[in-house]
Amino acid sequence: MTEFFLQNIWWIPCYPFLGALLSIPWSPGIIRKTGPRPAGYINILMTLMAFVHGLIALSGMWGQPGYEMVIPWLQVADLDFSIPLEISVTTIGATLVITGLNCLAQIYAVGYLEMDWGWARFYSLMALFEAGLAALVLCNSLFFSYIVLEILTLGTYLLVGFWFNQSLVVTGARDAFLTKRVGDLFLLMGVVSLYPLAGSWNFSELATWAETATVNPTVATLLGLALLAGPLGKCAQFPLHLWLDEAMEGPLPSTILRNAVVVCCGAWVLIKVFPVISLSPVAVSVAVFIGLATAVGASAIAIAQIDVKRAVSYSVSSYMGITFIAVATGQTQAALLLLLTYSMAMALLVMTSGGIILNNITQDLTQYGGLWSRRPISGICFIVGIMALVAVPPFGGFWTMLELTQNLWISQPAIAITLLVINALTAFSLTREFGLIFAGPPKQMTIRSPEGLWALVLPMTVLMGFCLHIPLLLKAWGVLPSWEGINLTVATLLIASSAIGIGLATWIYVFNGIEKPVKLWSKSVQDFFAYDFYTAKLYRLTIISAVAFISKIIDWIDRFIVDGFVNLVGLATVFSGQSLKYNVSGQTQFYALTIVIGITLLLSLLSLGLF
């Protein structure tokens, strides 16, 4: 039984893709009598089938070594475009995370988009996302992974622009698409350049080749930076991080999948190609620097945000920065565990925030308050999400941060200390959000705010239960360190950093230790954090201004030089035609004389040696 599901593991991406196709007849212009809801139910069913398929396959794969499955497709000259799939516990487990979270997000959408008539379009796009992500984690080829990443970029554009009649939605979709395209363009350069050097796009073969490869340092650096650019854009890392904030304009159920899983796809590709990136010490240093800068900067910016979606989006960038640090320092297992614990906790936080936004209309944190007595389930889910994300024992986030930090404590203590600071800032930021939403007296926007529909509450509680059980799963998988393997100094510092962040935010925002709104000693410093280090303005003054200036120059050249030359040729043609018409007499002997004169002049010039 399990062997059958393992042999047909490639069906997992096909289930949601089939669901997307089956949603087409329920578009408003085709079937009207039943309404759009059947499209949603069909996609939920197909996603559930994909999850069950992966669960059975995982039980058969457990304890077995991984292997490769090749799907023949196309062979052209020396290029082999067969599709290799990596079948292992890790890849199948990744499909379970993708399909499981998407199933919960789709059930969540039943309540969140209850009155929306775009169900068929929304659920088909969510299915496209799920199919692409499942194909990405199973694929063992950089070439096909790049194709899947392009599909996901298109899916991001379509989902963010779902409510396309709103100007902010259109702007967010456009900026998300164009920003990702910057990283994708450089990644394409790396993909094309890598094949002549390694002779393969297979991840396993690339890792083997990188162990003994001797590449020119300049070539290795350029190649490493190009391969790094793609994950940089997908994971919303500095300087390509602004798209994630603007992408929050899309429907929140899609945000669950995007913030929890889609951003992780860039980190997954980074893990796969890092053996090639590590050929260049410069590229490795750049990856570490980008991860540190983004993690520290984003966690600090999140504290200054009053929009709940913006605050959450910067926490996403911060944890993806930590993943960059883990990969760049060679801790692949810690990076994979971090992706698991992060995706669950972040999905729970986004679900909880979405239910609150839906009932209270506003996204402004300063207009919230007093929701603990009205929405206890949401409050408990938010607390569990915080605990599961930051380093609070015995939750999963603590064990992953512990493994990462204690490995760096000896080799690179400065980075380890920075991780402690990032953990404290994140704990403060998330606790601040909890205090502003649930603590204090009710306000005008929160007087009437009951728990949402069952479709909103059920996925939250199921996911909360899974977050609580992650430590047990880690123990069953044998990845938790033994007591002898725990560095007590690092563990104590991690717990202390979380306690400082949570305790300080609790004193300020739960027990009202400081008058609200909280103001720093300098408004310019406060604005510096609130406006994202003025990154958007910096873009306008540099890149956007440069592109606009170059565009004006090209427009001038096109208008006056290119068009001028074309117009000159046209005028010359018209003038010569008007002139020659007077020489047209209709007499054959006149035409013959003209030909004879022309040939005579040509022969004369040849005889004089002018040619």
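In what follows, residues are counted from 1 in the order of the sequence shown. Side-chain atoms are counted along with the backbone in the values below, which use heavy atoms only and exclude waters and symmetry mates.
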Backbone N or O of [Y] within a donor-acceptor pair of the [X] side chain at under 3.5 Å?
X    : Y    : result
E130 : L128 : no
T91  : S88  : yes
E86  : Y67  : no
S429 : T426 : no
S193 : G190 : no
S124 : A20  : no
T400 : G397 : yes
W201 : V192 : no
Y342 : T323 : no
T294 : G291 : no

Assess the side chains of [X] and [Y]: does a donor N or O sit below 3.5 Å from an acceptor N or O?
X    : Y    : value
E68  : S204 : no
K272 : S145 : no
E451 : S378 : yes
N43  : Q106 : no
K309 : T255 : no

Hey, does [Y] have a side-chain heavy atom less than 4.5 Å from the side chain of [X]?
X    : Y    : result
L349 : V312 : no
W268 : I271 : no
P16  : N102 : no
T352 : C381 : yes
Y319 : V390 : yes
L337 : Q333 : yes
L152 : C265 : yes
L453 : Y108 : no

**Study point:** Passing option when S254 is tested against N259, V262, L159, L125 for side-chain contact (heavy atoms from CB on, under 4.5 Å)
**Key:**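 Result for side-chain contact (heavy atoms from CB on, under 4.5 Å) with S254: L159.
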
Would you name the heavy atoms of [X] and [Y] that are closest together and state the gap between them?
X    : Y    : result
L149 : K234 : O-CE, 3.7 Å
I92  : G54  : CG2-O, 3.4 Å
G266 : C235 : C-SG, 3.6 Å
C264 : L339 : SG-CD2, 3.7 Å

Do we get R258 above F129's six-membered ring, with its NZ or CZ under 6.0 Å from the centre and within 45° of the axis?
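No, a cation-pi geometry is absent between R258 and F129.
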
Checklist entry - For F186, does the CZ atom have more than 12 heavy-atom neighbours from other residues, nucleotides or ligands under 6.0 Å away? => result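 Not buried by this count: 12 neighbours or fewer within 6.0 Å.
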
Checklist entry - Just wondering, are more than 12 heavy atoms of other shown residues or ligands nearer than 6.0 Å to CZ in F17? => result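 Counting neighbours around CZ of F17, 12 or fewer heavy atoms of other residues, nucleotides or ligands fall under 6.0 Å, so no.
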
With a 3.5 Å cut-off and sequence neighbours excluded, list the donor-acceptor pairs that the side chains of residues 5-15 form with protein atoms.
| from | atom 1 | to | atom 2 | distance (Å) |
| --- | --- | --- | --- | --- |
| Q7 | NE2 | E3 | OE2 | 3.4 |
| N8 | ND2 | F4 | O | 2.8 |
| Y15 | OH | H53 | ND1 | 3.0 |

Looking at [atom1] of [X] and [atom2] of [Y], how far apart are the two atoms once the value is rounded to the nearest 0.5 Å?
X    : Y    : atom1 : atom2 : result
L104 : T461 : CG    : OG1   : 9.0 Å
Y314 : Q305 : OH    : CD    : 5.5 Å
F274 : L227 : CZ    : CG    : 11.5 Å
L187 : L194 : CG    : CG    : 10.5 Å

Solution key, residues 463-475 side-chain donor-acceptor pairs under 3.5 Å, sequence neighbours excluded:
| from | atom 1 | to | atom 2 | distance (Å) |
| --- | --- | --- | --- | --- |
| H469 | ND1 | G465 | O | 2.7 |

